Amino acid sequence: MAKLKITQIKSKNGATKRQIANLQSLGIHRMHHTVEVEATPVTRGMVEKVQHLVTVEEL
């Protein structure tokens with residue numbers, strides 16, 4: 001299965017509780033932190049909700 005490389009590029013200050021929870025569920029804890037996750041429909045949905053805070057690359 002494909003993987004996604006997700007990096008937080010903007011601060012979560014001012015984000016909603018749901019957006020912050022999505023970042024935590026993805027495993028992102030701070031600015032410029034990068035994680036690799038499986039590209040499942042669930043993770044793609046979480047990324048879609050915080051797309052203004054992160055950059056995404058397909059591996």
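Source: prediction; values computed, not measured. Keep in mind that the numbers below use all heavy atoms, side chains included, and drop hydrogens, waters and symmetry copies.
- With contacts defined as side-chain heavy-atom distances shorter than 4.5 Å, the pair Leu59/Glu36 qualifies.
- Annotation: the span from Met31 atom CE to Ile9 atom CD1 amounts to 8.0 Å, rounded to 0.5 Å.
- Atom OG1 of residue Thr34 and atom CD1 of residue Ile28 lie 8.0 Å apart, to the nearest 0.5 angstrom.
- For the side chain to side chain contact (heavy atoms under 4.5 Å, CB included) test, residues two or more places apart in sequence or in another chain that qualify with Thr40 are Met1, Glu38, Val42, Thr43.
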Chi angles and distances behind the side-chain contact (heavy atoms from CB on, under 4.5 Å) call for Lys12, Leu23:
CA-CA 9 Å; Lys12 60 186 174 186; Leu23 289 173; 4.0 Å; yes

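- Heavy atoms of other residues, nucleotides or ligands lying less than 6.0 angstrom from NZ of Lys10 number 12 at most.
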Start with the C-alpha gap between Val37 and Ile6, add the side-chain angles, then the distance that decides, and say whether side-chain contact (heavy atoms from CB on, under 4.5 Å) holds.
CA-CA 8 Å; Val37 294; Ile6 306 167; 3.6 Å; yes

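- Looking at Lys5 and Glu58, their side chains never come closer than 4.5 Å, going by heavy atoms from C-beta outward.
- Atom NE2 in His32 sits 8.5 Å away from atom CD in Gln8 (nearest 0.5 Å).
- You'll find the side chain of His33 stays beyond 4.5 Å of the side chain of Thr7, heavy atoms only.
- Partners of Ser25 by side-chain hydrogen bond (donor to acceptor under 3.5 Å, both in side chains), not counting sequence neighbours: none found.
- Cluster annotation: Leu4 is connected to Val35 through the hydrophobic network of ILVMFWY side chains, with a link wherever side-chain heavy atoms come within less than 4.5 Å.
- Taking hydrophobic clusters as Ile, Leu, Val, Met, Phe, Trp and Tyr residues chained together by side-chain heavy-atom distances below 4.5 Å, Met46 does not share a cluster with Ile20.
- Applying the side chain to side chain contact (heavy atoms under 4.5 Å, CB included) rule to Ala21 yields no partners; only residues at least two apart in sequence or on another chain are considered.
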